[in-house]
Amino acid sequence: MSRLIETIRFAEGRAQNLQYHLGRMDDSSQAIFGDTLHWKPKYVLRDLVLPADVVYKVRIVYDLNSHTLTHEPYTIRPVRSLKLVTNNDIVYDHKFENRNAFEQLLKSKEDCDEILIVKNGMITDTSYSNIIFKKDDRWFTPGTFLLNGTMRQYLLDNKKISAAPITIDNIRNFSHFKLINAMLRDEAAESHISNIH
């Protein structure tokens with residue numbers, strides 16, 4: 001069985017959006033292992049000391065009984081163009097370490113920076129993030145996500161975005177898009193919808 005991963009933004013000397021990450025890890029542990037983790041991610045992250053003036057990408061790879069933690073300074077990788085790729089069988093409802101399905105789909109991105117996965121005609125996610133779309137002055141995220149990201153759920157809970165059915169047919173009704181995840185939050189640059197190919 002593949003281990004799970006959790007990627008956490010560590011800034012200003014502490015883990016950001018921590019309750020969402022802890023909640024997802026607990027939910028995944030119950031669903032995959034049928035039990036609560038036998039180690040305490042809250043304490044592992046509480047005891048992590050990193051310089052407060054740098055944003056770090058903290059990555060925990062874990063199973064029921066053990067974990068490994070790595071960290072590195074985070075730099076945003078600009079993504080301006082997306083290639084639509086279809087896979088009607090892909091399932092990624094927990095954050096698994098095994099990402100072979102995404103690696104295969106990435107081979108189809110051609111000259112684009114990243115892929116945008118279509119499943120049964122519905123827009124889902126990129127290979128590493130959720131996505132939001134702009135219409136007028138409002139932002140929407142597909143209800144047909146593959147993985148319910150922590151930042152996606154935070155933005156929904158705080159009414160900053162809304163879920164909507166976004167399809168291969170109505171995607172051009174939106175003007176811009178952004179990628180969101182725990183590291184990018186909602187601060188990523190907007191790209192015009194014409195950059196989805």
Side-chain angles (χ1 to χ4, degrees), residues 5-9 11 15-25 27-28 31 55 57 74-96 99 101-102 105-106 108-197:
I5 59 175
E6 194 69 20
T7 304
I8 301 165
R9 180 185 175 101
Q16 307 286 297
N17 218 13
L18 181 58
Q19 289 308 116
Y20 285 84
H21 290 288
L22 294 175
R24 178 164 67 185
M25 294 175 80
D27 291 346
S28 293
V55 175
K57 179 179 182 178
Y74 177 67
T75 304
I76 293 178
R77 175 172 66 97
V79 172
R80 296 180 183 86
S81 60
L82 301 175
K83 177 69 175 180
L84 290 166
V85 297
T86 297
N87 185 317
N88 293 333
D89 300 316
I90 191 167
V91 175
Y92 194 74
D93 50 355
H94 297 281
K95 201 168 171 66
F96 291 108
R99 295 177 46 81
F102 295 113
L105 290 175
L106 281 165
S108 303
K109 72 182 178 76
E110 299 175 353
D111 293 332
C112 293
D113 298 321
E114 176 57 36
I115 58 172
L116 180 56
I117 301 165
V118 180
K119 183 174 181 179
N120 299 318
M122 307 299 292
I123 302 299
T124 65
D125 298 333
T126 76
S127 72
Y128 71 98
S129 73
N130 296 126
I131 189 167
I132 56 177
F133 295 92
K134 189 177 187 180
K135 188 173 185 180
D136 301 321
D137 289 324
R138 297 180 61 200
W139 287 94
F140 300 87
T141 190
T144 47
F145 56 87
L146 296 176
L147 180 73
N148 188 23
T150 56
M151 182 51 55
R152 178 185 185 276
Q153 192 58 54
Y154 170 84
L155 293 172
L156 285 168
D157 288 348
N158 287 277
K159 313 297 185 197
K160 295 186 176 185
I161 63 173
S162 301
I166 302 176
T167 70
I168 194 75
D169 297 321
N170 71 14
I171 193 173
R172 305 295 168 187
N173 294 340
F174 299 90
S175 62
H176 294 81
F177 69 88
K178 284 187 195 184
L179 307 190
I180 56 167
N181 62 23
M183 298 305 302
L184 291 170
R185 303 192 292 184
D186 61 342
E187 300 164 355
E190 295 179 21
S191 291
H192 195 268
I193 203 72
S194 63
N195 291 319
I196 298 178
H197 307 284

Student: With sequence neighbours excluded, give me every salt bridge (Lys or Arg N to Asp or Glu O under 4.0 Å) pair touching residues 114-127.
Tutor: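 Non-adjacent pairs meeting salt bridge (Lys or Arg N to Asp or Glu O under 4.0 Å): Arg77-Glu114.
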Student: For the pair Thr124 (side chain) and Thr144 (backbone), establish whether a donor and an acceptor sit closer than 3.5 Å, ignoring hydrogens and angles.
Tutor: no
Student: Looking at side-chain heavy atoms only, is the closest gap between Leu146 and Ile90 below 4.5 Å?
Tutor: yes
Student: Identify, with sequence neighbours excluded, every residue that meets side-chain hydrogen bond (donor to acceptor under 3.5 Å, both in side chains) alongside His192.
Tutor: Ser194
Student: Can you list everything that forms a side chain to side chain contact (heavy atoms under 4.5 Å, CB included) with Asp157? Sequence neighbours excluded, please.
Tutor: Tyr20, Gln153
Student: So which pairs with a foot in residues 82-94 pass salt bridge (Lys or Arg N to Asp or Glu O under 4.0 Å), sequence neighbours left out?
Tutor: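 Qualifying pairs, neighbours excluded: Lys83-Glu110.
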Student: Search all heavy atoms of Cys112 against all heavy atoms of Ser81 and return the closest pair with its distance.
Tutor: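 Of all heavy-atom pairs spanning Cys112 and Ser81, the closest is CA-OG, 3.3 Å.
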Student: Please check: side-chain N/O of Asp113 versus main-chain N/O of Arg80, any donor-acceptor pairing under 3.5 Å?
Tutor: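 Flag set: sc Asp113 to bb Arg80 pair under 3.5 Å.
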Student: Do Leu179 and Tyr128 come within less than 4.5 Å of each other through their side chains, counting heavy atoms only?
Tutor: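 Result yes, sub-4.5 Å side-chain heavy-atom pair found.
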Student: Can any side-chain N or O of Asn130 pair as donor or acceptor with the backbone N or O of Leu147 at less than 3.5 Å?
Tutor: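 Here the side-chain-to-backbone pair exists.
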Student: How long is the straight-line distance from NZ of Lys178 back to CD1 of Ile132, given to the nearest 0.5 Å?
Tutor: 5.5 Å
Student: For Leu116 and Ile171: C-alpha separation, side-chain torsions, deciding distance, then whether side-chain contact (heavy atoms from CB on, under 4.5 Å) applies.
Tutor: CA-CA 12 Å; Leu116 180 56; Ile171 193 173; 4.1 Å; yes
Student: About how many Å separate CD1 of Ile168 and CG of Asn120, when rounded to the nearest 0.5 Å?
Tutor: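 If we round to the nearest 0.5 Å, Asn120:CG and Ile168:CD1 are 12.0 Å apart.
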Student: A side-chain contact here means heavy atoms from C-beta on lying under 4.5 Å apart; do Leu184 and Met151 qualify?
Tutor: no
Student: If the condition is side-chain hydrogen bond (donor to acceptor under 3.5 Å, both in side chains), which residues does Arg24 pass it with, not counting sequence neighbours?
Tutor: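 Listed in chain order: Glu6.
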Student: How close do Lys160 and Trp139 get, heavy atom to heavy atom, and via which atoms?
Tutor: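 What the structure gives for the nearest pair is O-CB, 4.3 Å.
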Student: Could you tell me which residues satisfy ring pair (Phe, Tyr, Trp, His ring centres under 6.0 Å) with Phe177, sequence neighbours excluded, listed by chain and number?
Tutor: none
Student: Run the side-chain contact (heavy atoms from CB on, under 4.5 Å) test on Leu84 and Ile123 for me, step by step, so that the C-alpha distance in whole Å, both residues' side-chain angles and the decisive distance to 0.1 Å come before the verdict.
Tutor: CA-CA 9 Å; Leu84 290 166; Ile123 302 299; 4.1 Å; yes
Student: Are Ile196 and Phe133 side-chain neighbours, meaning at least one heavy-atom pair lies under 4.5 Å?
Tutor: yes
Student: Does Thr141 reach the main-chain N or O of Ile131 with its side chain, forming a donor-acceptor pair under 3.5 Å?
Tutor: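 Answer holds: yes.
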Student: Which residues pass the ring pair (Phe, Tyr, Trp, His ring centres under 6.0 Å) test with His197, not counting sequence neighbours?
Tutor: none
Student: Looking only at heavy atoms, what is the nearest atom pair of Ala163 and Gly143, with distance?
Tutor: CB-CA, 4.5 Å
Student: May I ask you to test the Lys57-Thr7 pair for a side-chain heavy-atom distance under 4.5 Å?
Tutor: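 In short, these two side chains touch, coming nearer than 4.5 Å.
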Student: Under the 3.5 angstrom rule, does the side chain of Arg9 hit a backbone N or O of Val55 as a donor-acceptor pair?
Tutor: no
Student: For residues 127-154, which residue pairs qualify under salt bridge (Lys or Arg N to Asp or Glu O under 4.0 Å), counting only residues two or more places apart or in two chains?
Tutor: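 Only Lys134-Glu190 qualify under salt bridge (Lys or Arg N to Asp or Glu O under 4.0 Å).
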Student: Distance check, rounded to the nearest 0.5 Å: Thr150 atom OG1 versus Arg185 atom CZ?
Tutor: 11.0 Å
Student: Mind checking side chain to side chain contact (heavy atoms under 4.5 Å, CB included) for Thr167 and listing every partner two or more places apart, or none if nothing turns up?
Tutor: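 With sequence neighbours excluded, Thr167 shows a side chain to side chain contact (heavy atoms under 4.5 Å, CB included) to Met122, Asp169, Asn170, given in chain and number order.
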Student: Can you list the residues that meet the ring pair (Phe, Tyr, Trp, His ring centres under 6.0 Å) rule with Tyr92, with sequence neighbours excluded?
Tutor: Phe102
Student: side-chain contact (heavy atoms from CB on, under 4.5 Å) between Arg172 and Ile193: does it pass, once the steps are laid out?
Tutor: CA-CA 7 Å; Arg172 305 295 168 187; Ile193 203 72; 4.2 Å; yes
Student: Which residue in the set Ile161, Asn17, Ile180 passes side chain to side chain contact (heavy atoms under 4.5 Å, CB included) when paired with Tyr154?
Tutor: Asn17
Student: What are the two closest non-hydrogen atoms of His21 and Ala182, and how far apart are they?
Tutor: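 Closest pair (atom of His21, atom of Ala182, distance): CE1-CB, 3.6 Å.
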Student: Apply side-chain hydrogen bond (donor to acceptor under 3.5 Å, both in side chains) to Ser28 and list each qualifying residue two or more places apart in sequence or on a separate chain.
Tutor: His94
Student: Go through the structure and list residues passing side-chain hydrogen bond (donor to acceptor under 3.5 Å, both in side chains) with Thr126, not counting sequence neighbours.
Tutor: Ser129
Student: So how far is it from Asn173 CG to Ile166 CD1, rounded to the nearest 0.5 Å?
Tutor: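 One finds 10.0 Å between CG of Asn173 and CD1 of Ile166.
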